[in-house]
Amino acid sequence: MSSPDTKQSLPRRFYARATADVARGLLGCGYAVFRDGQWIGGLIVETEAYLSHRDAASHSARGRTPSNAAMFGPPGSLYVYPIHAKHCSNLVTEPEGIGAAVLIRAIEPVWGCDRMQRLRRTDDLRRLTRGPAMLCQAMTLDRRDDGVDVVSDPSWRVWSDDRIQGIIESRVITTRRIGIRRSADRKLRFIVDGNRFVSGKAGDHRRPPRESLLELAADR
DNA sequence: CACGCGATTGCCT
DNA sequence: GGCAATCGCGTGC
């Protein structure tokens with residue numbers, strides 16, 4: 001698969017839509033950052049939608065504070081927040097000021113795997129980016145990236161690949177969101193079912209988690 | 001300024 | 001599958 005710098009980032013209007021639609025649309029998309037002379041990242045295989053004040057599980061539910069301000073920023077910008085001494089990354093959705101975003105929960109590692117293996121201190125590809133905080137550690141994302149605009153920043157690429165979209169089309173399923181207490185019954189988590197890099201327990205999958213988007217793309 | 005907790009992870013049984 | 005580690009932030013005294 002060719003380097004992220006040959007790709008064209010998704011336009012801002014892609015993000016300025018209903019958050020659940022963006023969360024679904026981001027599955028299969030490339031997510032990569034240029035760090036120290038090298039692209040690092042992969043293909044998105046798991047997302048969660050966090051809505052505005054209507055969603056009790058969302059960080060924006062109780063309004064804007066200094067720490068969640070980036071969530072109210074322009075669509076297509078990053079909201080990176082600290083939790084349990086780690087970080088998680090989101091892409092802001094809806095018109096600016098709404099306070100909604102898509103949590104990137106897992107990617108299939110593709111670019112800069114050697115670098116991610118060092119950062120995560122493991123050779124096991126399956127333990128590189130299988131969770132929102134794992135992928136932030138693998139991609140060196142932290143509070144310094146909070147508010148960065150991935151639509152225009154030259155060190156970022158988030159893009160759609162027609163071939164990958166065709167592969168995931170029949171595999172997307174929706175489940176409850178992971179690790180939350182409030183609004184826990186809403187089905188706002190989107191996964192590429194059967195992909196081995198999706199987080200959570202085996203019961204979350206309908207198909208056994210053995211597949212890889214790279215392998216499926218190579219077989220065509 | 002103390003206290004409690006979380007959109008997590010990894011180690012232990 | 002259970003549970004402790006870890007720390008920034010929000011809440012309340």
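Atoms considered below: every heavy atom in the structure, side chains included; atoms not considered: hydrogens, waters and symmetry mates. The model shown is predicted, which means the values in this text are computed figures rather than measured ones. Sequence lines set the chain letters: A, B, ... in the order given, protein chains first and strands last, and positions in each chain run from 1.
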Nearest-Å distance, CG (A:Leu135) to P (B:dG10)? 12 Å

For DNA chain C, what is the dot-bracket line, given that a base pair needs Watson-Crick (N1 to N3, plus N6-O4 or O6-N4) or G-U wobble (N1-O2 and O6-N3) geometry with both distances under 3.5 Å, and | means paired with another strand? |||||.||||||.

pi-stack flag for A:Tyr50 and B:dA7, centroid dist under 5.5 Å, interplanar under 30°: yes

Rounded to the nearest Å, what distance is computed from the CG atom of residue A:Asp142 to the P atom of nucleotide B:dT8? 18 Å

Considering just the side-chain nitrogens and oxygens of A:Arg181, establish if one lies under 4.0 Å of OP1 or OP2 belonging to B:dG6. yes

Under 4.0 Å between a side-chain N/O of A:Arg143 and OP1 or OP2 of C:dC9, yes or no? yes

Salt-bridge test for A:Arg126 and A:Asp124: reply yes if a basic N is under 4.0 Å from a carboxylate O, no otherwise. no

Looking at side-chain heavy atoms only, is the closest gap between A:Cys136 and A:Lys86 below 4.5 Å? no

Measure the distance from CZ on A:Arg121 to P on B:dG10 and round it to the nearest whole Å. 12 Å

Atom CG of A:Leu78 and atom C1' of B:dA7: how far apart are they, to the nearest Å? 16 Å

Check whether any side-chain heavy atom of A:Asn90 lies under 4.5 Å from a side-chain heavy atom of A:His59, and answer yes or no. no

Mind checking whether A:Val45 and A:Leu213 have side chains closer than 4.5 Å, heavy atoms only? yes

Send over the distance from A:Arg62 CZ to C:dC9 P, rounded to a whole Å. 16 Å

Determine: side-chain N/O of A:Arg120 to OP1/OP2 of B:dG10, distance under 4.0 Å, yes or no. yes

Distance criterion of 3.5 Å, no angle test: do you see the side chain of A:Lys86 paired donor-to-acceptor with the base of B:dT8? yes

For the residue pair A:Trp156 and A:Tyr31, is the inter-centroid distance of their aromatic rings smaller than 6.0 Å? yes

Whole angstrom value for the distance that separates P of B:dG6 from CD1 of A:Ile180: 12 Å

Please classify the nucleic acid contact of A:Ala133 as base, sugar-phosphate, or nothing, using heavy-atom distances under 4.0 Å. sugar-phosphate

Give a yes/no answer on whether the side chain of A:Ser67 brings an N or O atom under 4.0 Å of OP1 or OP2 in C:dG10. yes

Kindly give the cluster partners of A:Tyr79, where membership spreads through any ILVMFWY side chain lying under 4.5 Å from a current member. A:Tyr50, A:Met71, A:Phe72, A:Tyr81, A:Ile83, A:Val92, A:Leu103, A:Ile180

For B:dA7, does either OP1 or OP2 sit under 4.0 Å from a side-chain N or O belonging to A:His59? yes

Just wondering, do A:Asp145 and A:Met139 contact through their side chains at under 4.5 Å, heavy atoms? no

Looking only at side-chain N and O atoms, does A:Thr65 come under 4.0 Å of OP1 or OP2 in C:dG10? yes

